[in-house]
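Note that the structure is predicted; figures quoted are calculated from it, not measured. Chain naming here is simple, since letters A, B, ... match the order of the sequence lines and numbering starts at 1 in each. The basis for the numbers below is simple: all heavy atoms, side chains too, and nothing from hydrogens, waters or symmetry mates.
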Number of protein chains: 2
Amino acid sequence: MNRILVAEDEDRIASFVSKGLRAAGFTPTVVDDGVSALDYASSGEFDLLVLDIGLPGLDGFEVLKRLRANRSTLPVIILTARQSITDTVAGLEGGADDYMSKPFRFEELLARIRLRLREDPREPELTVLTHGALALDLRSRRAAVEGRTVELSAREFALAETFVRHPGQVLSREQLLSHVWGYDFDPGSNVVDVYVRYLRKKLGVQWFETVRGMGYRLVEVA
Amino acid sequence: MNRILVAEDEDRIASFVSKGLRAAGFTPTVVDDGVSALDYASSGEFDLLVLDIGLPGLDGFEVLKRLRANRSTLPVIILTARQSITDTVAGLEGGADDYMSKPFRFEELLARIRLRLREDPREPELTVLTHGALALDLRSRRAAVEGRTVELSAREFALAETFVRHPGQVLSREQLLSHVWGYDFDPGSNVVDVYVRYLRKKLGVQWFETVRGMGYRLVEVA
DNA sequence: TGGGCAGATGAGAACTCTCTCATCCGGCTC
DNA sequence: GAGCCGGATGAGAGAGTTCTCATCTGCCCA
C-alpha cells in the first residue's frame, strides 16, 4: 500500500513531490504525459494516483474519465491549476477522490494521501500529534507544552507540525521552506530562522536544536 | 441514523445544540448529568453521543470509559473546555471519535456529526458546495460565481456556507450569529449586516435577499 | 405626507500575521 | 587572536481581517 503514481509534467513539481514521497516511505513513480499516466494507472501496480490536470497528450480529466470508464477504483488525487474552482468541481464530479490546488504545501498533500490509503477509514483521523510533553491539535491549530496551551499562527503551526512529524531528524532550511512554505518560495529568505525563533519563544527553546551549517532538529525525547 | 443524545448541563449550550440539530433533521435528546448520559447511551436507542466533559455526577471521561468498557461502539463526540488540549488528548485516548472545543460554531459540530454518521466513510467528503452558479470550496475557502474565483475571509466564508446549506430559507440575525459567530456573541451587534454586505459585494447582490424584520435569505435558483 | 425604524453603507480602529531587513553575537578557522 | 560567517534577534512595513460606530436611505404605516 505505498506505490504511488505521480502524473505531472512540470519537472520542478514532479521532483518536489516524488522526493517528498520517498522520504515519507512511499514508492513513487513519475510519468509526464497523459497516455503513460493512463497506461501505468491501469496496470494494477499502484495504490494511488496523483494526477495533474494540465498534462500534455491526454489531459487529466480525460485520463480520469477513461480510468473510471474501465471500472478502476484506484484512488485519485488531482492537482488543479491555481485558483480554478471550476476544475476542482469538474474533477470531483469526474470521479476524483480528492484534490489539491497549486501551489500546495507538501505536508498537506501527504495528509490527503495518507487519508486515502488508510486501511480503515472509519478509524478516527489522527488529529492530535504528540512528542513528549509537546502536543499539537491539528484542528484547532493550538499547541500545548506540559499542559499549558499556546496559540500558534498558521505558519508557526505548519512548521511545528513538520518538526513533530520528523522528530530527531535534521531538517534543512530548504526542506522546511518547501514543506511549509511551498515549492515556489524564495530560497534566499531567512523566514525559516525567524519562525524557528517564534516557536522557540512560544514553545520553549529546549525543543529546537540548531545544527550549524545543516538546519534545525526537534530534540528527541528520552 | 438520526437519533442523537446530547449530554450537556449548561442550558444555553444544550438548547443551542438541540435546536440546531432538530433544524438539521436530527432527533436530539438532551440529558444533563453523567448517570443519565451513560444510561441513555447504553440503551441502544441512539446513533451518536455528543458528550460534554464537565458533567455533574459522572464526568464525561468516566461516562466514556464505562461506555467503552461495555463494548459500546457508539460514536462519541466530546465537548471539551475552552482551550484544554489536555482534555482533548485524554478524550481521544479514552475512546472518543472526535471532539469540539468550546466555544464552537454549530456548523462545525454538524459537519463532524455528519462525518461520523456517514454510511460509507470511504465516500469522499463533500468539499465543494454548489448552489446554482455559486460554488464554495470548503477546503481552500474560495468561492466561485459563474467560473470567476473570489477570495473570501474566514468569516465571510462561514457565513456564505451557512446560506448555501439553507437555500431559500430565511435566516434570522440571531440564527446567523449563533451559527457563524458562536453561541456567546453579543446579540446587539450588526456584524451580520456588515458581513452580508461584504458577501453581496464579492459574490453579487442578487444572491442575498433581505426579508424586512426577519433576516436574510439566499435566493433559490430557478 | 411625515416620522420612525430597519437596514445599508462608509470609515476606521485594533489586531494579527507574514515577511524583510539591518544589526548583533558567538563559535570556528586560519 | 582576528576575522568571518552562520545564525539570532529586534524592529517594523504592509496586508488582511474583524468588528464597531455613526450616518444615510428608503420602506412602511399612521
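Ring geometry for B/Trp181 against B/Phe185 counts as tilted: the plane angle lies between 30° and 60°, on a 0 to 90° scale. Aromatic ring orientation, A/Tyr183 versus A/Phe104: perpendicular (interplanar angle above 60°, classes split at 30° and 60°).
If A/Phe185 and B/Asp193 are placed on DNA chain C by their nearest nucleotide, the residue sitting closer to the 5' end is B/Asp193. Across the interface with DNA chain C, nearest-nucleotide mapping of A/Arg212 and A/Val194 shows A/Val194 to be the residue nearer the 5′ end. Each of A/Met214 and B/Glu156 was matched to the nucleotide of DNA chain D holding its nearest heavy atom; the match closer to the 5' end belongs to A/Met214.
Residue B/Leu55 comes nearest to B/Ala37 through the heavy atom pair CD1-CB, 4.3 Å, listed as atom of the first residue, atom of the second, then distance.
In this structure, B/Phe208 reaches neither bases nor backbone, as no heavy-atom distance under 4.0 Å exists between it and the strands shown. Using a 4.0 Å heavy-atom distance criterion, A/Val192 is classed as making no nucleic acid contact. Note on A/Phe157: nothing from the nucleic acid sits closer than 4.0 angstrom, heavy atoms only.
In this structure, of D/dC19, D/dA8, C/dT9, it is D/dC19 that holds the atom nearest to the side chain of B/Val191. With D/dT20, C/dA8, D/dT18 as the candidates, the nucleotide lying closest to the side chain of B/Thr210 is C/dA8. Closest to the side chain of B/Arg141, from the set C/dC21, D/dA11, D/dT17, is D/dT17.
Between the side chain of B/Tyr198 and the base of D/dC19 there is at least one donor-acceptor pair of N/O atoms closer than 3.5 Å. Not a single donor-acceptor contact under 3.5 angstrom links the side-chain atoms of A/Tyr195 to the base of C/dC17.
Checking the phosphate oxygens (OP1, OP2) of C/dT16, no side-chain nitrogen or oxygen of A/Ser153 falls inside 4.0 Å. A close approach under 4.0 Å does not occur between any side-chain nitrogen or oxygen of B/Trp181 and OP1 or OP2 of D/dT18. Listed pair B/Arg155 / D/dT17 fails the phosphate criterion, with no side-chain N or O lying under 4.0 Å from OP1 or OP2.
The CG atom of A/Leu199 sits 14 Å away from the C1' atom of D/dA8 (whole-angstrom rounding). Atom CG of B/Leu159 is separated from atom P of D/dT18 by 11 Å (rounded to the nearest Å). In this structure, B/Asn190 places its CG atom 10 Å from C1' of C/dT9, rounding to the nearest Å.
Side-chain contact, A/Ser101 with B/Arg142: a donor N or O sits under 3.5 Å from an acceptor N or O.
Evaluated for a side chain to side chain contact (heavy atoms under 4.5 Å, CB included) with B/Met100, the options B/Val17, B/Thr80, B/Ile77 yield exactly one hit, B/Ile77.
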